[in-house]
Amino acid sequence: MNLMKKTMNKTVYSWGHTRPFNSYANYIQSKFGARIQKISVHGNFTCPNRDGTKGVGGCSFCNNDAFITAYCTPERSIKQQITEGKLFIKQRYKRVNRYFAYLQAYSNTYAPLSRIQALIKEIQTFPEIIGVIIGTRPDCVDNEKLDYFAELSKQYYVVIEYGVESVYDTSLHAINRGHDFACSKNAIHATAQRGIHVGAHMILGLPNESEQEILESARIISELPITSLKLHQLQIVKNTKFADDFSKNPEQFSLFTAETYIPFVANYLTYISPNIMIERLAGDSPRRVRIAPNWEGVKYETFVQKLEQYMLTHSLWQGKNIHKPIQL
């Protein structure tokens, strides 16, 4: 990657700013000229590995209570969720006046297209919402749905976020994912070919994946036409298969501490394409559901600051080693 020197001894990277990774937040600020906050919206969907279509119980790591805010419940109407969500956000970000609706819980394309269209129309009745982010599984989209989102993206900011989680089929089977990596690749390509922004979620630290394999997965992911990437260190949360497994045999999990995760994810980023924007670098499950690891007192913002400082101190940046052999 070419680097350019700037005044005050700062380095400007190829993505146009001084952070050692290609920040999605910087992109949004540049594109819209302001912070755009997400309002979570619960569309009352489920998943094919919960309703018996492909399985029951859901993915081994998944408990939606780990990331759903209090106002975001299926008992509330879409209007009520958005109204309460705006008030919730305004308590922290008083100057925010435009939003993205974030369909986050479960698989938000796992329904007939007509139901999805009706939900989007409800969201669009709020002019201050300028885009929609749709969290889903790669096995829950088809050509008809993707064509609809492609048309929507011509007038509305649209991102489809896929839970990829791992590039290894053995891991996907072990966590009861219900699809293989080929399914993720096909969905990502089909989405990107239509000009839709593609987000991907990856879990770092799944059982039986070596650090070498995790780092290699960064290069595999980088070969896909992904717009943005969210990284989550494996966390054990209540009411999951992993919680049961952890209670019986915690030694089968090699969980990152905050101290061990920083150098690892810094190294991981050096194998990620500089063209992919980084939206999230770690998971942050609330205390009420988190079992392990104990990152008590480590706020996400503080973690990111420490990670950036580590990367700058060690002359690391996103994409630096993408064409080099993996080094632990």
Side-chain angles (χ1 to χ4, degrees), residues 23-46 64 66-137 140-141 144-163 191-192 194-201 226-230 277-280 284 300:
S23 167
Y24 184 74
N26 283 32
Y27 164 77
I28 293 297
Q29 178 75 35
S30 175
K31 181 177 178 64
F32 296 101
R35 173 190 286 271
I36 310 296
Q37 203 66 28
K38 297 175 184 175
I39 298 176
S40 293
V41 176
H42 201 308
N44 200 21
F45 293 92
T46 184
N64 272 258
F67 52 78
I68 294 300
T69 50
Y71 66 83
C72 184
T73 64
E75 292 78 25
R76 290 172 168 86
S77 68
I78 299 301
K79 180 178 180 180
Q80 186 178 0
Q81 290 183 56
I82 293 175
T83 301
E84 293 185 19
K86 287 167 57 181
L87 292 173
F88 179 82
I89 290 167
K90 282 287 188 180
Q91 293 175 4
R92 183 174 181 183
Y93 304 108
K94 292 181 171 53
R95 295 184 179 181
V96 170
N97 55 26
R98 289 184 294 173
Y99 307 87
F100 296 140
Y102 187 16
L103 292 164
Q104 185 179 16
Y106 302 110
S107 300
N108 293 277
T109 57
Y110 187 48
L113 177 59
S114 58
R115 182 182 164 196
I116 298 168
Q117 288 173 314
L119 179 57
I120 298 298
K121 285 181 179 178
E122 282 191 79
I123 292 171
Q124 287 184 299
T125 61
F126 291 83
E128 62 271 37
I129 295 182
I130 60 173
V132 62
I133 301 166
I134 299 155
T136 192
R137 291 163 52 97
C140 293
V141 294
E144 183 184 33
K145 292 170 185 173
L146 292 177
D147 287 343
Y148 163 69
F149 286 119
E151 283 300 312
L152 183 66
S153 68
K154 294 177 182 178
Q155 56 178 325
Y156 216 50
Y157 186 75
V158 176
V159 181
I160 299 182
E161 285 188 0
Y162 291 112
T191 307
R194 289 168 167 82
I196 304 169
H197 290 279
V198 182
H201 292 242
I226 291 169
T227 308
S228 59
L229 180 64
K230 289 183 176 180
M277 292 179 286
I278 306 301
E279 185 169 2
R280 189 161 187 87
D284 189 20
Y300 179 74

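Numbers here simply count residues along the sequence, with the first being 1.
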Practice item. Kindly give the heavy-atom pair with the smallest separation between Val41 and Ala101, and that separation in Å. Key: CG2-CB, 4.2 Å
Exercise for review: May I ask you to test the Ile123-Tyr156 pair for a side-chain heavy-atom distance under 4.5 Å?
Suggested key: yes
**Study point:** Spatial distance of atom OG (Ser77) from atom NE2 (His42) [nearest 0.5 Å]
**Key:** 13.5 Å
Practice item. Kindly compute the distance separating CD1 (Ile129) from CD1 (Ile120), expressed to the nearest 0.5 Å. Key: 10.0 Å
Review point. Closest approach of Ala200 and Ile226, non-hydrogen atoms and distance?
Key: CB-CD1, 3.7 Å
Check your understanding: Going through the checks in order, is the side chain to side chain contact (heavy atoms under 4.5 Å, CB included) test met by Gln124 and Leu152?
Key -> CA-CA 11 Å; Gln124 287 184 299; Leu152 183 66; 3.7 Å; yes
Review point. Sub-3.5 Å donor-acceptor pair from the side chain of Ser40 to the main-chain atoms of Cys72, do we have one?
Key: no
Exercise for review: Determine, stepwise, if the pair Glu161 / Ile134 fulfils side chain to side chain contact (heavy atoms under 4.5 Å, CB included).
Suggested key: CA-CA 6 Å; Glu161 285 188 0; Ile134 299 155; over 6 Å; no
Practice item. Can you measure from OG1 (Thr191) to CD1 (Ile160) and round to the nearest 0.5 angstrom? Key: 5.0 Å
**Study point:** Phe100 ring center within less than 6.0 Å of Phe32 ring center
**Key:** yes
Check your understanding: Are any side-chain N or O atoms of Lys145 and backbone N or O atoms of Thr109, one a donor and one an acceptor, separated by less than 3.5 Å?
Key -> yes
Review point. Which pair of heavy atoms, one from Tyr106 and one from Thr46, lies closest together, and at what distance?
Key: CB-O, 3.8 Å
Revision key, fill the gap. Rounded to the nearest 0.5 Å, the CG atom of Asp284 sits from the OH atom of Tyr300 at a distance of 9.0 Å
Check your understanding: What class does the angle between the rings of Tyr157 and His197 fall in, given that below 30° is parallel, 30 to 60° is tilted and above 60° is perpendicular?
Key -> tilted
Exercise for review: Go through Thr136 and Tyr162 one step at a time and tell me if the side chain to side chain contact (heavy atoms under 4.5 Å, CB included) criterion holds.
Suggested key: CA-CA 5 Å; Thr136 192; Tyr162 291 112; 3.8 Å; yes
Review point. So, the side chain of Ser107 versus the backbone of Tyr110: is there a donor-acceptor pair under 3.5 Å, distance only?
Key: no
Exercise for review: Start with the C-alpha distance between Ile36 and Ile130, add both sets of side-chain angles, then the distance that settles side chain to side chain contact (heavy atoms under 4.5 Å, CB included), and finish with yes or no.
Suggested key: CA-CA 9 Å; Ile36 310 296; Ile130 60 173; 3.9 Å; yes
Exercise for review: Validate the cation-pi geometry between Arg35 and Tyr93: distance from NZ or CZ to the six-membered ring centre under 6.0 Å, angle to the ring axis within 45°.
Suggested key: yes
Exercise for review: Report the residue from Gln81, Gln37, Glu128 that forms a side-chain hydrogen bond (donor to acceptor under 3.5 Å, both in side chains) with Lys86.
Suggested key: Glu128
Exercise for review: Can you establish whether the number of heavy atoms outside Lys90 located under 6.0 Å from its atom NZ is more than 12?
Suggested key: yes
Practice item. For the residue pair Thr83 and Tyr71, confirm or rule out a side-chain donor-acceptor distance under 3.5 Å. Key: no
Study note, to complete from the structure: When every non-hydrogen atom of Pro74 is compared with those of Asn44, the smallest separation belongs to CB-OD1, 3.6 Å
Point to revise | Worked verdict on Glu279 versus Lys38 for salt bridge (Lys or Arg N to Asp or Glu O under 4.0 Å) | key: CA-CA 13 Å; Glu279 185 169 2; Lys38 297 175 184 175; 2.4 Å; yes
Point to revise | Exam field: side chain Asn108 to backbone Gly135, donor-acceptor pair closer than 3.5 Å | key: yes
Review point. About how many Å separate CD of Glu151 and CZ of Arg194, when rounded to the nearest 0.5 Å?
Key: 11.0 Å
Check your understanding: Which pairs count as salt bridge (Lys or Arg N to Asp or Glu O under 4.0 Å) when at least one residue sits in residues 114-124, sequence neighbours excluded?
Key -> none
**Study point:** Atom pair CD/CD1 of Glu84 and Ile89 - distance to nearest 0.5 Å
**Key:** 12.0 Å
Check your understanding: Looking at Tyr24, is Arg280 sitting on its ring face, NZ or CZ under 6.0 Å from the six-membered ring centre and within 45 degrees of the normal?
Key -> no
Practice item. Heavy atoms only: give me the nearest Phe45-Leu119 pair and the separation to one decimal. Key: CE1-CD2, 3.6 Å
Practice item. Measure from the side-chain N and O atoms of Ser153 to the backbone N and O of Ala150, and report whether any donor-acceptor pair falls under 3.5 Å. Key: yes
